[in-house]
Structures are given as C-alpha cells and as structure tokens.
Amino acid sequence: MDVEYKGKDTIIHNLKDFDLGQTMECGQCFHFQKIDDDEYGMSAYGKFLHAAQKDDKMYLFDTTKEEFEKIWCHYFDLDRDYGEIKSFLLKEDEKLREAVEKMWGVRILNQEFFETLISFIISQNKQIPHIKQIVARISHDYGKYQGSVGGIDFYGFPTPQQLSQADIDALRECKTGFRAPYIYNAVEFVNNEIIKEENLRKCGVDECREQLMKIKGVGMKVANCVSLFGLGYREAFPVDVWIKRIMQSLYFDGEEHSNAEIESYGVEHFGKYGGYAQQYLFYYGKSEKIGLKNKTN
DNA sequence: CGCCAGGGCACCG
DNA sequence: CGGTGCCATGGC
C-alpha cells in the first residue's frame, strides 16, 4: 500500500484484500450511503468522508494527510495483513474457502464504541436498510452536520452527551420502537461511567461482554458485535439468524443447534480470528441465502 | 396480507 | 436453565 497526497485528495495505491463496496455493504456498519458503484459517502469519528475505489486504488476526496493518518487508515483497518488472516483461517478449513474467496475484499472496520453500541441495540429484530435509516435519523436530530455528497447530507453520530438530550419519547420519534428505553439505558450507562470504553478495551472479551450485558437490551449477540466492531476484539464470534443458518449448513450437517453451541464452536474453531471468519460467513451466507427454507436461487 | 428482520426480556414449567 | 410470546416498525 502506497499513499499519495494530491491536491486536496488522498489516493491509496496498491491496495490488497480490500474492496470498498464489500466492506461497506457486508453488514458491519450502518452510517454510510452508496453514491455510485464503488463510491460511498460515510461518517465516522466526527468526520465525513467521500470515497471511491478503482481497481487497487482508493480515492479519499477532500481529505488531509493528517486525517488519513489519524482516522481513515485505522478506520478501514488498512495496516493489517489480511493475507495472513486468510491463510490462518483456510489452513485447516476448506469449508470456509468459498466464503473467503467470494467476499475477499471485506475488512473489519474499526468503528467508534458508542456509535457501535447504540447501532447494534437498534439492530435487533431489524433489517439493515431500516437500521441505516434510524442511525441517519438519530444523527440528523442529535449530531452535527458534517458535509454532503450526491445530494445527501451527513451528520455525525451524536456523542453520549448529545444523545443524553433525548428522552425516551424523543428516541421513539426516531422510529426505534421498543428499543427506545434500551438506548436510553445505554446512554445513561456511558454518561454515568458505569461502563467505560477504556476499561472495556483492556479487560478481555469475556469481562467486556459481561459488562455490556448489564445494559438492558444488550444480550450475547449485541455484546459480541460491539466487542468485535467497536472495541477491537477480533476473536468475538457473534451468532445471529444468518450465522446460525450458515454454520448449521456448513459445519453441523444441517442439524439444528443452539446459538450458544454455534458460538463456542466458532470460538474454538476460528480462534483469535473468529470475528473475521464470522464476517466472511455472514456476508456470504446472506448473499447466497444459505440455509434459508425458500431459497430463491 | 402475512411473514420475517444481524434479538432480548419476562415469564413459564 | 430451555422454551414461548411479545415487543415497534418496515421491506418484501
């Protein structure tokens, strides 16, 4: 990977194991909009980014060197060697190969803790387009305007302080439904420092999940997603309906198993890279509708 | 129209 | 503890 700063733009050359579209659309992140093929607007860390990919080059428009080095390089996980991750995962597992090869350009984004926490509380029992809609609405109502592209305005996800301005009814106005008190509870936990990001990052994934699950509305699946996507625990293996389907289909001969059984199999089988395996499998299984009863393909 | 969605909780035995 | 119904809202 080589980085060029040209005028107001940053251009990354010789990208490996990275596809912008796959990385945005794979279901880990909800704060972005597709502008065109391989072209996206997104928001993270209080900044707005307009990015486009062509072959092994990515253009970050109107981005300074400092911003790239401080935010986007880390956000896209560009410092990590995904070749090593893939060979580790595929070394003794042929069942994973097709998922990794089809979803070859997925990287696990390093997202902000608070936004990840609230976003995945929202995600329960919802489809991705609607989660995106709610995240955009909360950002619009409580966050700061950051910029616009393709006629779409982007607002930063509110800080814990900003979101504390919303009471439960106001959160319901954002179409969060029965999750409104959950979000309210989570905001209180963060603002009252009942949970602290700094501590969650260093206490280990088991303790981290346990603390997150003290929040009403955060169960095992959401706690795993927050640990993986928002706190850097790459060994976390969240099990949702899709992972359940594809794991049962690939590793359990189609037999029914509990989420807990599937998670402990994933943790043991994929080890320190469980989160990556999970994401390849999730995106692949969902795209191919693997394990779904009324298959359309 | 009915079903299900990147679930979790309360309540039941 | 393992199973079941319910929770708001929208996409298909």
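Treat the numbers as computed from the prediction; the structure is a model and nothing was measured.
- A close approach under 4.0 Å does not occur between any side-chain nitrogen or oxygen of A/Lys286 and OP1 or OP2 of B/dA5.
- Ring planes of A/Tyr75 and A/Trp72: perpendicular class, angle over 60° (limits at 30 and 60°).
- What separates CD of A/Gln133 from P of C/dG10 is a distance of 7 Å, to the nearest Å.
- The stretch residues 261-283 of chain A touches DNA chain B through A/Gln278, A/Gln279, A/Phe282, each having a heavy atom within less than 4.0 Å of the strand.
- No side-chain heavy atom of A/Arg245 sits less than 4.5 Å from a side-chain heavy atom of A/Ile290.
- Residues A/Glu25 and A/Tyr283 form a side-chain contact, since some pair of their non-hydrogen atoms from C-beta on lies under 4.5 Å apart.
- Rounding to whole angstrom units, CD1 of residue A/Ile134 and P of C/dG10 are separated by 8 Å.
- In this structure, A/Asp79 has no salt bridge (charged side-chain N to carboxylate O under 4.0 Å, His left out) partners at least two apart in sequence or on a different chain.
- The distance between atom CE of A/Met103 and atom P of B/dG6, rounded to the nearest whole Å, is 15 Å.
- Looking at A/Asp38 and A/Lys54, their side chains never come closer than 4.5 Å, going by heavy atoms from C-beta outward.
- Heavy-atom contacts from other residues, nucleotides or ligands closer than 6.0 Å to CD of A/Glu4 number more than 12.
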So which protein N/O to nucleotides 1-6 of chain C N/O distances come out below 3.5 Å?
none

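- The separation between A/Ile243 atom CD1 and B/dG7 atom C1' is 15 Å, rounded to whole Å.
- Distance NZ (A/Lys221) to P (B/dG8): 7 Å, rounded to an integer number of Å.
- In this structure B/dG7 sits in a base pair with C/dC7, meeting the Watson-Crick or G-U test at under 3.5 Å.
- Atom CH2 in A/Trp242 sits roughly 11 Å away from atom P in B/dG7 (whole-Å rounding).
- A tilted orientation is assigned to the rings of A/Phe61 and A/His50, their planes being inclined by 30° to 60°.
- In this entry the distance linking CD of A/Glu173 with P of C/dA8 reads 15 Å, nearest Å.
- Taking the six-membered ring where tryptophan is involved, the planes of A/His257 and A/Phe252 are tilted, since the angle between them lies from 30° to 60°.
- Residues A/Tyr82 and A/Lys16 are not in side-chain contact: their nearest non-hydrogen atoms beyond the backbone lie 4.5 Å or more apart.
- For A/Arg179 and B/dA5, the shortest distance from a side-chain N or O to OP1 or OP2 is not below 4.0 Å.
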